[in-house]
Protein chains: 2
Amino acid sequence: MPTSTFFNLNDLKRAKLLQAAEKEFARAPLSQASIANIVKLAGISRGSFYQYFDGKEDAFYYLLKLHTDKRRAYFLKLLQEKDGDLMASMDQVFRTMLIELSEEEHLQFLKNAVLNVTHEIEDSFTELFLGKQSEIDAVNQVKNLVDLKKINIVNKQEFFHVMQILTSVTFRNLVDQLSRNLSHEEAIENFRIEMDLLSKGLSKANKQV
Amino acid sequence: MPTSTFFNLNDLKRAKLLQAAEKEFARAPLSQASIANIVKLAGISRGSFYQYFDGKEDAFYYLLKLHTDKRRAYFLKLLQEKDGDLMASMDQVFRTMLIELSEEEHLQFLKNAVLNVTHEIEDSFTELFLGKQSEIDAVNQVKNLVDLKKINIVNKQEFFHVMQILTSVTFRNLVDQLSRNLSHEEAIENFRIEMDLLSKGLSKANKQV
DNA sequence: ATATTAAGTGACACGATGTCATAAGTCAAT
DNA sequence: ATTGACTTATGACATCGTGTCACTTAATAT
């Protein structure tokens, strides 16, 4: 996390710095982004940067958090609008992100993040849907919004795993679209097939229930 | 891929170099591994390294490929032994990798890889189960070994997606175990829950079939 | 023997990182 | 207004890593 000094900055300077960082992380993936470029863009000295952040990773993950926080709010809103229909909400989030990632130029930052997935980044996306695992209420917040009657689970633990599964599969579909340059139609069709499979189950045995 | 010069090397020298690279990639994740250390360990000059590989990434992904090729062979063998039971084979692979990743010291290399997942690395793991997507026969090779009667699919395309789903979920369970330092029992229990959910389906609607 | 091609070398230019001594700014108390 | 304590800002610097290249050595063909 950024230091307190960073949060003490006046809004203008802080915004300018974040914008500079985002621009640099949009230009190049984390490993190739350089602090020199960020400070040049932000018009601050190298030393200052290190007073705000531990290093470029620190800045990167903070930016990523800002992005996913925004999308988490959107996901929760969707759940409400769609009367707790989890699959429909995931579907909508996937479609929205597809569009965002292709259209909004400044989201090149997110593209770079998604294509260069450390487990920390995948965690960020898990949090998008599930909230921070350390905050017990966050999972409940989602669970309370979801219409559990439509979901094939017997307890809260299983709900957690349902979300984990949906997140992994959704996330991988996003990565696929980006890395293989699929068209939106293809990406949505692939996603739909997998969500159907997830819904109805992979094994035939369950039909005997 | 390594250059032809690399493959012309005599077995001893090539092995020594690969061993050195693996040792360095076990010491530190890709981004922090250094060519200087590799060439020191291998007893070759810096210039030579660049005659064999494009850079450290090249060496890294080649090593990763050697590892996943080995495991792919194991997966195919399992499918045969278990009469095409896909879920049982995935389960066995997961358990085996858990043990390998905790016991074999030299697999620290794989740990570093798994925890630092670029989409290329996730692709490598997808190939583990599915073969190279460019080689059409590879998917068929798996499909022919799998007992399709147990799987809830209607065509080959769906089979492909089933494998994609299973790979993502299995892989994320591996990452989880490593990054959260779960015990084997916990990891296996989590994995079992998710595989059960995948088997029976996430939505209740399907019970009406 | 000589020429040609392949393999091996390490010094070097370049760029990036993280630190640190020092300077500049802020502000409350006197 | 001055002091002093504290916070913020700076950029030069030491260190390290990368990729290249002119050159040497080895191998092979003629």
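Chain letters run A, B, ... following the sequence lines, proteins first and then strands; every chain starts at 1.
No more than 12 heavy atoms of other residues, nucleotides or ligands lie within 6.0 Å of CD in A:Gln19, so this atom counts as exposed by the packing criterion. Within a 6.0 Å sphere centred on NZ of A:Lys156, other residues, nucleotides and ligands contribute more than 12 heavy atoms.
Among B:Lys132, B:Arg72, B:Lys65, the one residue that satisfies the salt bridge (charged side-chain N to carboxylate O under 4.0 Å, His left out) test with B:Glu127 is B:Lys132.
Residues A:Phe53 and A:Phe60 place their aromatic rings such that the two centres sit no closer than 6.0 Å. Aromatic ring centres of A:Phe6 and A:Tyr62: separated by under 6.0 Å. Note: A:Tyr52 and A:Phe7 fail the aromatic proximity criterion, with ring centroids not under 6.0 Å apart.
Aromatic ring orientation, A:Phe109 versus A:Phe25: tilted (interplanar angle from 30° to 60°).
In summary, contact between chain A and DNA chain C, defined as any nucleotide atom under 4.0 Å from a heavy atom of the protein, begins and ends at C:dA16 to C:dT19 in the 5' to 3' direction.
In this structure, CZ of A:Phe7 is placed 17 Å from C1' of D:dT7, rounded to the nearest angstrom.
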key: Contact letters for nucleotides 8-16 of chain D, in which S counts primed atoms plus P, OP1 and OP2 and B counts the base, heavy atoms under 4.0 Å   = SBBB-----
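Every pair passing salt bridge (charged side-chain N to carboxylate O under 4.0 Å, His left out) that includes a residue from residues 73-89 of chain A is listed here, sequence neighbours excluded: A:Lys77-A:Glu81, A:Asp85-A:Lys150.
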